[in-house]
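Data first, discussion second: the structure below is written as C-alpha cells.
Every value quoted in this text rests on a predicted model; they were computed, and no experiment measured them. Each chain gets a letter, A, B and so on, in the order its sequence line appears, and its residues count up from 1.
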Protein chains: 2
Amino acid sequence: MVTIRDVAKESGVSVATVSYVLNNGPRAVRPETRERVVSTMRRLNYHPNAVARSLVRKRTHMMGILVGDEQSEIVNNNYYAGVLAGVFAGARQRGYNITFFTAASTDKDIEHHIRAQRPDAMLMIAPRLGQDLPKRLKSVGVPLGVVGAGDSYEDDAAICVDVDNRAGMRLGMQHLWERGHRKIVYAIGDPNQESTQVRRMVFEQVLREWGVEPSEHDFIAHSFHKEVVYTAVEQRLQQASLPTAIFAGNDGIALATLQAARDLGRRVPEDIAVIGYDDWPIASSMTPGLTTIRQPMHEIGEAVVQGLANLIEKKSVKAETRVKRFPPTLIIRDST
Amino acid sequence: MVTIRDVAKESGVSVATVSYVLNNGPRAVRPETRERVVSTMRRLNYHPNAVARSLVRKRTHMMGILVGDEQSEIVNNNYYAGVLAGVFAGARQRGYNITFFTAASTDKDIEHHIRAQRPDAMLMIAPRLGQDLPKRLKSVGVPLGVVGAGDSYEDDAAICVDVDNRAGMRLGMQHLWERGHRKIVYAIGDPNQESTQVRRMVFEQVLREWGVEPSEHDFIAHSFHKEVVYTAVEQRLQQASLPTAIFAGNDGIALATLQAARDLGRRVPEDIAVIGYDDWPIASSMTPGLTTIRQPMHEIGEAVVQGLANLIEKKSVKAETRVKRFPPTLIIRDST
DNA sequence: CTGAAAGCGCTTACAG
DNA sequence: CTGAAAGCGCTTACAG
C-alpha cells in the first residue's frame with residue numbers, strides 16, 4: 001500500500017504539504033506544487049488510509065446500529081427495512097457509512113463495543129421500551145438517534161424521529177367510523193413498543209368519544225408474530241359479539257389477519273373489514289388490497305441521519321429539529 | 001477517554017505490559033501484575049481504541065457491503081434481506097462488524113472507498129452480471145464473497161455461495177409435471193442476474209426433455225418490478241393458447257402473478273397454477289398459500305461470512321469450501 | 001508558501 | 001518477566 005510518505009518523497013515535498021492538498025486546506029498550497037502532488041497521487045494510485053485519519057481526527061464517519069441475537073427484523077419487519085433504506089440514503093448524502101455492530105449482547109458488552117469502535121453516532125430503530133442503553137450511550141458521549149419510539153427516549157437521545165402516531169390512529173378510526181363501523185377490535189402489537197402504547201391510548205380515547213367504554217376484550221394478539229396473530233384472530237372471529245372491523249397494529253399483523261379471515265371463509269371487507277398500519281410495499285398486493293396508514297419510512301430514516309450529521313458537524317442542532325414528527329397518510333384500498 | 005498510557009501509569013507498569021494483558025499474550029505477564037492491570041482497567045473504565053488497533057494490526061474486523069443509489073433491495077427483496085440476516089449471524093459468531101459503504105457510485109469511487117476504509121473483506125449479494133468490481137477488488141487484494149451469482153464471479157471472488165439453481169429449477173418443473181401441467185410460462189426476472197440465466201437454461205432443457213421446443217413466447221416479464229410483472233401476466237392470461245401454470249422467478253414475482261390472476265377472476269390453482277422461488281416469509285400468507293422452491297437464505301449468508309473469516313484468519317481455505325452450493329427444497333402449498 | 005516534528009492510541013520487535 | 005522505543009499512516013500546531 002502506498003502511503004502519504006511515498007507521495008511526499010516522490011513529489012519532493014513534505015508529508016504536511018501532501019496532507020494539505022489532500023484536504024484542500026486548511027493551509028494554502030502553491031498551485032504548481034498542488035498540481036505536482038495531485039499528479040503523483042494519481043500516478044501512484046494513492047488512497048489515504050481512513051483508519052489513520054480517524055485516529056487523529058477522532059471522527060470515524062460511521063454511524064452504528066446494533067443487531068441483536070435474532071436479526072429477524074430485517075427480514076420480517078418492513079418498517080425496519082424501510083427506515084433502513086432511508087438511513088442509507090441519508091448517510092450517502094452526508095458521507096457516512098452505516099455499521100452493524102454484531103458482537104454484543106448484554107448492555108455492558110454493547111457499551112464496551114461502542115467505546116472501542118468509536119462511531120460518530122448510534123441509531124436505534126423501533127427499540128423496545130425500558131432499555132438503559134440510551135442512558136449508557138449518553139454517558140459515553142455518543143449521540144443517539146431514535147426512530148419509531150415516540151418521545152420515550154427523548155431525554156437521552158439527541159435526535160428523535162417518528163410518525164405522528166396519534167394522528168395516524170385517529171385517521172384510521174375516523175375512516176372506520178365513516179364506513180359505519182362501531183364494533184372494532186384492535187389486533188395490537190408487542191406491548192414493549194412505544195407505538196403500541198400510544199396507539200392503544202388513542203384507540204381507547206376515540207372509543208370513549210364514540211360513547212363506547214373500551215374493555216380488555218377489544219385487544220387481541222399483543223404480539224407481532226404472525227402465528228400468534230393468526231390464532232388470536234381465528235379465535236376472536238369465532239366468539240359471540242363479532243366485531244365488524246379489525247384494526248391491525250401493522251401491515252404484518254394485517255396480513256395474518258386477512259389470512260385467518262380467509263381460512264374461516266369470511267369475506268373482507270363484507271363480513272369483516274381490516275385496516276393496517278405502515279403501508280408496506282406488499283400492502284397493495286394483499287388479497288384484498290389493504291387499507292392502511294402510511295408512514296413515510298424513507299423520509300424518517302433520512303431525517304435521523306441528517307439530524308445526527310448536523311449535530312456531529314455543527315456541534316448543535318435547532319430545538320425544533322431535535323424531535324421530529326412526520327404526518328401519516330390514510331391509504332384506502334379494498335379491505336375496508 | 002482513558003488510554004492505555006493512563007492504565008499503565010496508574011498500574012505502575014509499561015504500556016507494553018498493559019497491551020499484553022489486554023491481548024492475553026503473545027508474551028506472558030506475571031499473574032500479580034496482570035491482576036493489578038486488569039483491576040485498574042476496570043476502575044478507570046478503560047476500553048481499547050479499536051481504530052488505533054486497526055491501524056497497527058492492519059485488520060479492521062469489518063466486512064463491507066456496497067449499497068447503491070437505490071437501496072430498494074433491502075425493502076423489496078426478501079432474498080437479500082434473508083441472506084443479510086444470515087450474514088449478521090455469521091459475523092456475530094466470528095467477531096466481525098458489517099459496514100454498508102454508502103458513499104460510492106462509480107466503480108472507481110468504490111475502489112477508492114474500499115482502499116481507504118480497509119475492510120477485511122467485501123460482500124456482494126445477488127450482484128448483476130458483468131461488473132468489473134470483482135476484478136478491481138482482486139487487484140486491491142480484498143477478498144470478496146459473492147452470494148447468489150452461481151459461478152459467474154468464481155475467478156475473482158474468494159468465496160462463492162449459492163443455492164443449487166439447476167436442482168431447484170428441476171424440482172419445480174418436476175412438481176408441475178406431476179400435477180399434470182404441460183403448458184408452462186416462465187415469469188422470469190432481470191436477465192442481468194446469473195440465477196435468471198441458469199434457471200432459464202434449465203427450464204428450456206426440461207421442456208426439451210418433455211418433447212416441447214421452448215420459444216420466446218414462454219418467457220414473460222423479464223423484470224423483478226411488480227408493476228412490470230403484473231402487466232405482463234395480465235396480458236399473457238388474455239391471449240390465446242393459455243398456459244396451465246406459471247413459474248415465477250421469485251416469490252415477489254409470484255405475488256404479482258397471483259394478484260394479476262385474481263384481478264382477472266382466474267382461480268389459482270384451478271384455472272392457473274403458480275409456483276415461486278425462494279420461500280419468502282410471506283409465501284405462506286399469500287392467497288392461496290404459495291408453492292415455492294426454498295433457498296436456505298440464512299445458511300447461505302452465514303456460509304459466506306464463515307468462508308471469508310477462515311480465509312482472513314487462516315490465510316487459506318479448502319478448495320471445497322471456496323465454492324458452496326446448498327440444496328433447495330420444494331415447499332408444496334395451495335397454489336399448484 | 002513550506003518543512004520538521006509531535007502526537008493520535010495502540011502493537012511488537014529489541015534489549016535486558 | 002518487563003521496559004523503552006519504533007512504528008502504523010495520518011493531521012496540525014510550531015517555526016521559519
Is the closest side-chain heavy-atom distance between V161(B) and E299(B) below 4.5 Å?
no

Of residues 44-54 of chain B, the positions that come close to DNA chain C - non-hydrogen atoms, cut-off under 4.0 Å
Y46(B), H47(B), P48(B), N49(B), A52(B), R53(B)

OP1 or OP2 of dG3(D) under 4.0 Å from side-chain N/O of S14(B):
yes

Where does the angle between the aromatic ring planes of H112(A) and H47(B) fall among parallel (under 30°), tilted (30 to 60°) and perpendicular (over 60°)?
tilted

I need the CE-P distance between M1(A) and dC10(D), as an integer number of Å.
10 Å

What heavy-atom pair brings R34(A) and V21(A) nearest, and what distance separates the two atoms?
NH2-O, 3.4 Å

Side chain to side chain contact (heavy atoms under 4.5 Å, CB included) assessment of D162(B) paired with R325(B)
CA-CA 5 Å; D162(B) 204 351; R325(B) 293 285 171 270; 3.5 Å; yes

Any side-chain heavy atom of R115(A) sitting closer than 4.5 Å to one from N45(B)?
yes

Quick check on dT2(C): is either OP1 or OP2 less than 4.0 Å from any side-chain nitrogen or oxygen of R30(A)?
yes

Give the stems involving DNA chain C, where a stem is 3 or more consecutive Watson-Crick or G-U wobble pairs (i with j, i+1 with j-1, and so on) under 3.5 Å.
C:1-3 with D:14-16, C:5-12 with D:5-12, C:14-16 with D:1-3

Are the side chains of Y46(B) and T40(B) in touch, meaning some heavy atoms are under 4.5 Å apart?
no

Could you state the CG-C1' distance from N24(B) to dT11(C), rounded to the nearest angstrom?
15 Å

Protein-nucleotide distance (L55(A), atom CG; dC10(C), atom P), rounded to Å:
9 Å

Whole-Å distance, D6(B) CG to dC10(C) C1', equals 13 Å

Hey, is the side chain of K58(A) poking within less than 4.0 Å of OP1 or OP2 on dG9(C), counting only N and O atoms?
yes

What is the distance, rounded to the nearest whole Å, between atom CG of L22(B) and atom C1' of dT2(D)?
17 Å

Would you say the side chain of R136(A) lies within less than 4.5 Å of the side chain of I110(A), judging by non-hydrogen atoms?
no

Go nucleotide by nucleotide along DNA chain D from the 5' end; which of R118(B) and V29(B) gets its closest nucleotide reached first?
V29(B)

Can you find a pair of side-chain heavy atoms, one from P143(A) and one from I159(A), that are under 4.5 Å apart?
no

Look at the aromatic rings of F100(B) and F88(B) and report parallel, tilted or perpendicular, splitting at 30° and 60°.
perpendicular

Heavy-atom closest pair (T60(B) atom, P119(B) atom, distance to 0.1 Å) is OG1-CA, 3.6 Å

Could you list the protein-to-nucleotides 12-16 of chain C atom pairs, N/O on both sides, closer than 3.5 Å?
from	atom 1	to	atom 2	distance (Å)
dA13(C)	N6	Y20(B)	OH	3.2

Any non-hydrogen side-chain atom of E194(B) less than 4.5 Å from a side-chain atom of V146(B)?
no

